[in-house]
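Remember, it's 1-based here, ligands and their atoms both numbered in the order they're listed.
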Amino acid sequence: MPIHYHENTRTFHLFNASVSYIFTILENGTPGSLYYGARLTDKDDYSELLEMKRRANAPCTYEGNLLFSLEHLKQEYPLYGHGDLRYPACSMRRENGSHIFEFRYISHVIYSGKHGINGLPAIWCSTTDEMESLEVELEDANSGTRLTLYYTICSDLPVIARHTRITQAGASAVTIERVMSCNVDLIDDAWEMVQLNGAWSRERHVTTMPLRPGIQSVYSMRGHSSAQFNPFLALKRKECTETQGECMGFTLLYSGSFLAGVEVDNYHVSRVQIGIHPDCFEWTLQQGESFETPEAVYVYSEDGLNGMSQAFHTLFNRHLVRGKYRMKERPILINNWEATYFDFDEEKIVRIAETAAQAGIELFVLDDGWFGNRNDDHRGLGDWYVNLQKLPHGISGLSQRIHSLGMQFGLWIEPEMVNRDSNLYRTHPEWVMVDPDYVPCHGRNQYVLDFSRKEVVDYIFKCLDQVLDGADVNYIKWDMNRTMSEVYSRSHSSLQQGRVMHEYILGVYDLYERLIQKYPDILFESCASGGGRFDAGMLYYAPQAWTSDNSDAVERLKIQYGTSYVYPPSCMGAHVSAVPNHQVFRNTPFNTRANTAFYGAFGYELDLSKLTEDELEQVRQQVTFMKKYRSVFQYGTFYRLSSPFESNETVWMSVSQDQKTAIVGYYRVLNEVNVGYRRIRLKGLNPDEQYRISMDGRWIEGRELMKAGLVTSDYTSGENGEIYNGSNGDFISRLYVLEA
Ligand code: DGJ
């Protein structure tokens with residue numbers, strides 16, 4: 001049993017082979033945190049970890065007792081009042097205006113397996129022995145408010161999931177102003193914080209900095225998880241590297257505005273919190289109502305950041321993604337966006353698809369521009385009926401033609417948005433999320449539909465259902481191309497405005513869920529101007545996400561490297577695009593573009609009918625290669641070996657679950673001349689196995705490849721007479737396939 005309750009000390013110990021999470025019910029009845037980290041031996045009493053010390057000026061709970069102060073005790077889920085003066089996990093207001101609550105332990109229950117969360121994404125298990133769960137029930141006697149703390153630990157992964165529910169059982173209302181999904185008070189502050197940040201087209205770049213006293217946080221107040229900061233942070237020891245040392249990662253299964261941060265107090269305690277962003281959030285509970293937070297997931301690793309990432313990858317592949325595509329190889333696709341933008345008709349599309357089919361590509365995706373009057377990005381959004389001038393046989397006619405080529409058919413949608421120049425806007429201007437007293441911002445000429453209103457979600461579902469019904473659509477790319485800047489719902493009262501941002505996301509999840517239930521065979525890919533809503537919440541609905549609008553192979557090294565901190569290659573949409581690249585105008589070799597994109601949900605995004613015969617032959621070979629090794633790329637154990645943020649050379653590798661096949665991706669940005677010998681020490685191989693290296697046919701033992709390394713020395717001599725041959729200049733790459 002991975003969850004033990006020690007009755008005489010009222011201590012909970014969640015543990016498995018690698019991790020322990022311990023907390024206790026303090027003498028005042030509130031839960032106090034004891035420890036989170038590497039597995040400890042289970043025992044009755046951990047009170048030595050409480051560290052009660054007499055400190056001047058501390059607010060103390062009991063008269064005559066100068067030791068028991070919540071300012072200094074580590075808390076499990078702190079609120080205002082009673083002495084804890086750090087940021088609370090939760091802040092609520094009673095009708096009398098007081099923010100003081102005291103939640104005391106009432107009961108708990110431990111059970112095998114895990115429950116879902118109504119209307120929200122959550123990790124799940126297929127058999128109850130994979131996870132064990134704990135619910136701790138607390139009550140504030142004055143207000144009658146209940147607080148439930150939910151915990152789940154995985155049996156064979158270093159993973160703990162947490163979330164919180166507040167229920168108003170008392171007669172008067174309470175208003176929630178801040179409700180984090182979790183709080184963990186760590187026993188020291190000797191950590192560095194790793195975060196993923198960026199902007200459009202440079203998503204999830206890695207930044208690391210030492211923790212300092214005070215608050216350090218990442219956040220989004222944009223209504224979506226955002227390209228600016230990902231809902232994730234990791235804490236690592238200074239000496240922790242990619243492959244060794246202690247670290248822990250925290251993420252939120254949520255796609256809306258979030259806050260994730262660490263507060264280091266003046267006694268070296270680090271308080272980690274992650275949850276819905278409290279600004280502009282307010283939720284009043286009347287008697288009988290409750291509010292449930294999104295789920296937070298913690299991963300612990302003593303095998304460096306790679307160990308952390310691998311645990312996230314396994315968790316998400318096995319226990320987050322649902323449906324037909326869970327643990328399934330993803331179809332190789334061709335998308336027409338960068339090939340045509342809005343300028344296409346049925347014949348042009350079919351021409352691209354025909355070439356793609358001949359090359360063995362499995363899925364054609366029709367991107368933006370197929371509906372309403374959508375000939376540019378100023379108009380048409382919201383009008384979900386086919387543009388018959390472009391596609392005279394409708395979506396089902398085009399879908400049939402694509403299927404007759406032996407390919408699956410996919411469609412782009414952007415259901416949450418509307419252009420002013422659209423029939424939807426003309427009919428329902430009040431459905432747009434704006435404050436009518438002000439001129440609202442547009443983003444890419446579009447406005448946000450108020451998905452906090454059920455009738456809006458109902459209407460969009462009906463429109464999409466009409467498009468999909470009978471059209472044999474196998475894949476949907478669900479885009480979302482602007483942030484929210486004026487969050488105000490005309491259907492909500494003044495007291496309900498604080499709910500709107502969260503209800504919007506619940507509306508998005510609701511629409512996804514309805515479409516998934518009705519069309520369970522469709523593969524969804526989420527997208528938000530590239531990777532602007534790439535989060536674990538989305539993966540519960542859409543098993544893959546478009547990683548970035550930046551399809552340049554060199555830029556993608558950083559983006560995919562950073563993304564892999566949390567998200568598995570199986571879910572990273574990655575396409576080979578044309579050169580000069582449309583975002584950075586760089587010319588990279590064809591094979592480098594493919595060698596980068598192979599480590600993801602692979603596809604093409606260019607006009608294949610414009611390629612030379614030689615390039616088309618390369619496409620055919622790439623597709624054949626990907627089909628052969630797709631399971632290793634997408635579901636192998638992924639190791640980052642050399643970072644594009646620190647080096648001219650990026651190296652990563654994937655190892656099949658049986659360790660029989662490994663593929664090392666080596667990428668060098670700029671060429672240099674006469675450099676020293678280079679080797680890269682591989683990871684994850686079977687030390688006793690002999691591996692054949694595809695590059696030169698040699699057989700080398702796994703032990704040698706991991707200890708002495710794989711030779712990656714460059715061949716450029718720089719001498720007169722040597723000529724450029726495509727594999728000795730800038731932006732080159734090599735794939736080393738290792739087979740046992
Ligand atoms: C933004 C997406 O990221 C692109 O891939 C493309 O689908 C465009 N939107 C279409 O408008």
Side-chain angles (χ1 to χ4, degrees), residues 198-204 222 224-228 255 330 333-344 348-349 352 363-384 386-387 390-391 409-419 421-422 442-449 464 473 475-483 523-535 538 542 544-553 555-556 559-560 563 571-578 581-584 593 597 600-607:
W200 174 79
S201 267
R202 55 179 171 83
E203 295 90 342
R204 289 170 297 286
R222 299 164 175 265
H224 58 110
S225 48
S226 92
Q228 279 65 19
S255 311
R330 304 297 159 77
L333 66 81
I334 173 114
N335 176 303
N336 72 304
W337 178 243
E338 287 196 13
T340 66
Y341 295 103
F342 294 102
D343 181 19
F344 62 82
K348 202 174 193 176
I349 291 299
I352 297 173
L363 164 68
F364 180 88
V365 179
L366 181 62
D367 211 280
D368 195 356
W370 58 266
F371 50 90
N373 194 17
R374 184 78 169 165
N375 294 316
D376 55 45
D377 63 16
H378 286 76
R379 63 207 88 246
L381 271 182
D383 294 343
W384 298 112
V386 70
N387 179 330
K390 288 183 180 176
L391 304 174
F409 178 69
L411 200 59
W412 178 98
I413 58 173
E414 188 172 1
E416 300 155 65
M417 301 290 157
V418 66
N419 288 124
D421 185 357
S422 68
H442 71 92
R444 204 196 187 200
N445 312 302
Q446 63 196 46
Y447 297 87
V448 185
L449 285 172
L464 295 177
V473 173
Y475 163 107
I476 283 187
K477 176 178 174 186
W478 178 318
D479 208 345
M480 199 289 277
N481 281 298
R482 70 159 290 185
T483 56
L523 170 61
F524 284 85
E525 175 166 297
S526 74
C527 172
S529 292
R533 201 161 61 180
F534 202 130
D535 57 71
M538 268 295 138
Q544 56 190 59
W546 181 223
T547 313
S548 177
D549 273 351
N550 192 337
S551 61
D552 172 68
E555 296 282 304
R556 275 295 186 120
I559 295 168
Q560 291 177 205
T563 304
C571 72
M572 283 186 223
H575 300 172
V576 175
S577 60
N581 172 267
H582 290 202
Q583 292 78 43
V584 297
R593 283 173 269 156
F602 180 72
Y604 292 84
E605 187 150 341
L606 73 180
D607 189 346

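- In this structure, Asp368 pairs ionically with Arg374, as a charged nitrogen and a carboxylate oxygen lie closer than 4.0 Å.
- In terms of protein heavy atoms, atom 3 (O) of ligand 1 is closest to Asp549 OD1, 2.3 Å.
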- Task: Please step through ring pair (Phe, Tyr, Trp, His ring centres under 6.0 Å) for the pair Trp337 and Phe342, ending with a clear verdict.
- Result: CA-CA 8 Å; Trp337 178 243; Phe342 294 102; 5.2 Å; yes
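- Which parts of ligand 1 touch Gly530 is read off a 4.0 Å heavy-atom cut-off, strictly below it: atoms 3 (O).
- Of the protein's non-hydrogen atoms, the one nearest atom 9 (N) of ligand 1 is Asp479 OD2, 2.7 Å.
- Distances shorter than 4.0 angstrom do not occur between any heavy atom of Glu414 and any atom of ligand 1.
- Ligand 1 has a nitrogen or oxygen under 3.5 angstrom from a nitrogen or oxygen of Asp367.
- Ring orientation note: the planes of Phe364 and Phe409 are close to parallel, at an angle under 30° on the 30°/60° scale.
- With a 4.0 Å heavy-atom cut-off, ligand 1 is reached by no atom of Glu338.
- In this structure, the side chain of Asn336 engages the main chain of Asp367 through a donor-acceptor pair within 3.5 Å.
- Set against the non-hydrogen atoms of Lys477, the atoms of ligand 1 under 4.0 Å away are 4 (C), 5 (O), 6 (C), 7 (O).
- Ion pairing between Glu416 and Arg533 holds under the 4.0 Å rule for side-chain N and carboxylate O.
- Within ligand 1, the atoms closer than 4.0 Å to a non-hydrogen atom of Cys527 are 2 (C), 3 (O), numbered from 1 in the order shown.
- Side chains of Phe371 and Leu391 form no contact here, defined as non-hydrogen atoms less than 4.5 Å apart.
- Of all atoms in ligand 1, numbered sequentially from 1 with element shown, those under 4.0 Å from a heavy atom of Trp546 are 3 (O), 5 (O).
- Contacts between Ala528 and ligand 1, counted as non-hydrogen atom pairs separated by less than 4.0 Å, are absent for every part of the residue.
- Taking only nitrogen or oxygen atoms, main chain and side chain alike, Trp412 reaches within less than 3.5 Å of ligand 1.
- Contact atoms of ligand 1 toward Asp368: 10 (C), 11 (O) (distance under 4.0 Å to a heavy atom of the residue).
- Note on Asp607 versus Lys348: no salt bridge recorded, every NZ/NE/NH1/NH2 to OD/OE distance being 4.0 Å or above.
- Using modelled atom types and a 3.5 Å distance limit, the side chains of Glu203 and Thr547 yield no donor-acceptor pair.
- Both the sub-6.0 Å distance and the 45° axial angle are satisfied by Arg556 relative to the ring of Trp546.
- Contacts between Asn335 and ligand 1, counted as non-hydrogen atom pairs separated by less than 4.0 Å, are absent for every part of the residue.
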